[in-house]
Amino acid sequence: MNELPWFRNSFPLYLAPMAGVSDKIFRQVCKEHGADVLTTEFVSAEGIFRRNERTREYLDFDEIERPIGVQLFGADAAHMAEAAKQVVDWVRPDFVDLNFGCPVNKVVSKNGGSALLKDCPTLANVAESVVRAIAPLPTTAKIRIGWDADSVNAVRVAKILADAGIAALTVHGRTRAQGYSGAADWNVIGEVAAAVSIPVIGNGDLGSAADVAIRRRETGIAGAMIGRAAIFRETKAYLANGAIVDPPTLDERWKLILRHCELIVREWGAEEAAIRSMRARLMAYSKSMPEAKRLREKFSQVSTIAEIASISRENILAKEQMDAANFAAA
């Protein structure tokens, strides 16, 4: 089994592979802000096995994103092994990650993702087949703590995967039945970290740098996986020296939004189509910004960077006027 170099004397921060979110540009923005290890959106092994062109697009990444892994899902061990070999031949990732955690019905109904938590022999077979197929390149995996509250089996599954040659394991602290709601169970994540000798990466409810520091101290995890909160810059500073970094100002947030838009336009080479594709992402960025409802209305119609820059100037000005009015009234 290959040791993953980013765990040597380090506590790596992973960006979670999120379908429809963790595309190449989002990954690069997160890398610029301190993400250590990236993973692609999850990809169907069957799509790769059948050489589906759309599937292949999900594998695209730039050298600046390394270390990066490709995440595969599927339940046919032979197809998973062949798909993993094809991925390695095509794009040479730094590792292949196996998705045993996705709770989505269309994945689970094909016995993929978290469905394999109920079928440990198949899970072991898939893991062993992929490890063997791509060695010495490392294979990692991501799991949930169990199928439901009555079948929390993460420790057992983790031991099976470690025995199969998995090099590191991410544990999302919810069951499949929970989906993305309810609290993540970090006690179980800690039990997994104590039960296996491979690095365990904790995932779930990490919304601040302090959350990451506390979970690291309490559970002995070797790394943390962060999703939509994308708190890489703050967490890096806090873990390095306990420094509390101020949250980004409104101006900094707008600079990040415009940077994201510029990168995607450069990637697509067609401004209007690229910006239209960003509308949903812009809506997500608007959360907790001043005049969020009005921003969402404007974002639903934008098609150029110039329009977004204009909206940003109006929004910053409106915030300054509101602050001045509040100060005068105090």
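Only heavy atoms go into these numbers, but all of them, side chains included; no hydrogens, no water, no symmetry mates. This chain uses plain numbering: 1 for the first residue, then up along the sequence.
- Checked for salt-bridge contact, K24 and D62 meet the test: a charged N lies under 4.0 Å from a carboxylate O.
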Problem set entry | Derivation of the side-chain hydrogen bond (donor to acceptor under 3.5 Å, both in side chains) call for S151 and D148 | CA-CA 5 Å; S151 56; D148 58 26; 2.8 Å; yes

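- A cation-pi arrangement is absent between R27 and F61 under the rule of less than 6.0 angstrom and at most 45 degrees off the ring axis.
- Across every non-hydrogen atom of I68 and E65, the tightest pair is CD1-OE1, 3.5 Å.
- Side-chain contact between L15 and F26 is present, with heavy atoms from C-beta onward closer than 4.5 Å.
- When the options E307, E291, E314 are evaluated for a side-chain hydrogen bond (donor to acceptor under 3.5 Å, both in side chains) with K298, the one that passes is E314.
- Between A124 and I160 the shortest heavy-atom distance is CB-CG2, 3.6 Å.
- The backbone N or O of A16 sits less than 3.5 Å from a side-chain atom of S22, completing a donor-acceptor pair.
- Side-chain contact between R281 and D23: present, with at least one pair of heavy atoms (C-beta onward) separated by less than 4.5 Å.
- Side-chain atoms of R92 and V88, non-hydrogen and from C-beta on, do get closer than 4.5 Å to each other.
- Checking R313, K319, Q321 one by one against L317, the side chain to side chain contact (heavy atoms under 4.5 Å, CB included) holds for a single residue, Q321.
- Here W147 pairs with nothing under the side chain to side chain donor-acceptor pair (under 3.5 Å) rule; sequence neighbours left out.
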For this session: Applying side-chain hydrogen bond (donor to acceptor under 3.5 Å, both in side chains), run through Q71 and E41 and close with a yes or a no.
Result: CA-CA 7 Å; Q71 191 183 72; E41 298 175 70; over 6 Å; no

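- Between E234 and S208, the closest side-chain pair of non-hydrogen atoms is not below 4.5 Å.
- The neighbour count for R279 CZ, taken as heavy atoms of other residues, nucleotides or ligands under 6.0 Å away, is above 12.
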Problem set entry | Full working for side-chain contact (heavy atoms from CB on, under 4.5 Å) between L256 and H260 | CA-CA 6 Å; L256 173 63; H260 194 161; 5.6 Å; no

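- The only member of T170, I226, I221, I189 that meets side chain to side chain contact (heavy atoms under 4.5 Å, CB included) when paired with N203 is T170.
- The hydrophobic cluster containing L239 does not contain I214, counting ILVMFWY residues as joined when their side-chain heavy atoms lie under 4.5 angstrom apart, directly or transitively.
- Atom CD1 in I257 sits 4.0 Å away from atom CE in M289 (nearest 0.5 Å).
- Within the model, atoms CH2 of W268 and CD1 of I25 stand 10.5 Å from one another, a figure rounded to the nearest 0.5 Å.
- The shortest heavy-atom contact between A162 and V196 is CB-CG1, 4.2 Å.
- Side-chain contact between L206 and R215 is present, with at least one heavy-atom pair separated by less than 4.5 Å.
- Residues T235 and D211 are not in side-chain contact: their nearest non-hydrogen atoms beyond the backbone lie 4.5 Å or more apart.
- N241 CG: more than 12 foreign heavy atoms inside a 6.0 Å radius.
- Summarising the local packing, CZ of R253 is surrounded by more than 12 heavy atoms from other residues, nucleotides or ligands at distances under 6.0 Å.
- The aromatic rings of F73 and F42 sit tilted relative to each other, their planes meeting at an angle between 30° and 60°.
- Taking a cutoff of 4.0 Å between a charged side-chain nitrogen and a carboxylate oxygen, D89 and K85 do not qualify as a salt bridge.
- Here the SG-CZ distance, from C261 to R266, works out to 12.5 Å after rounding to the nearest 0.5 Å.
- No donor-acceptor pair closer than 3.5 Å links the side chain of S10 to the backbone N or O of F7.
- The CE atom of M278 sits 9.5 Å away from atom CG of L263, with the distance rounded to the nearest 0.5 Å.
- Between E272 and R276 a salt bridge is recorded (basic side-chain N to carboxylate O distance below 4.0 Å).
- V37 has its side chain out of reach of M225: every pair of non-hydrogen atoms, C-beta onward, lies at least 4.5 Å apart.
- Contact between R66 and V91 at its shortest, heavy atoms only, is NH2-O, 3.8 Å.
- Pairing each heavy atom of N153 with each of G146, the nearest pair is OD1-CA, 3.5 Å.
- Atom CG of N99 sits about 10.5 Å away from atom OG1 of T140, to the nearest 0.5 Å.
- Expressed to the nearest 0.5 Å, how far NZ of K142 lies from CG of D97 amounts to 8.5 Å.
- In this structure a side-chain-to-backbone donor-acceptor pair under 3.5 Å is present from D36 to L13.
- No donor-acceptor pair closer than 3.5 Å links the side chain of R259 to the backbone N or O of V29.
- Cluster annotation: L282 and M18 are assigned to distinct hydrophobic clusters (Ile/Leu/Val/Met/Phe/Trp/Tyr, side-chain heavy-atom contacts under 4.5 Å, transitive).
- Checked by atom type, the side-chain pair T122/N125 shows no donor-acceptor distance below 3.5 Å.
- Figure legend: R144 and Y180 shown as a cation-pi pair, the cationic atom lying under 6.0 angstrom from the six-membered ring centre and within 45 degrees of its axis.
- When all heavy atoms of P138 and D94 are compared, the closest pair comes out as CD-O, 3.5 Å.
- Taking 4.5 Å as the limit, some side-chain heavy atom of I308 sits within range of a side-chain heavy atom of W254.
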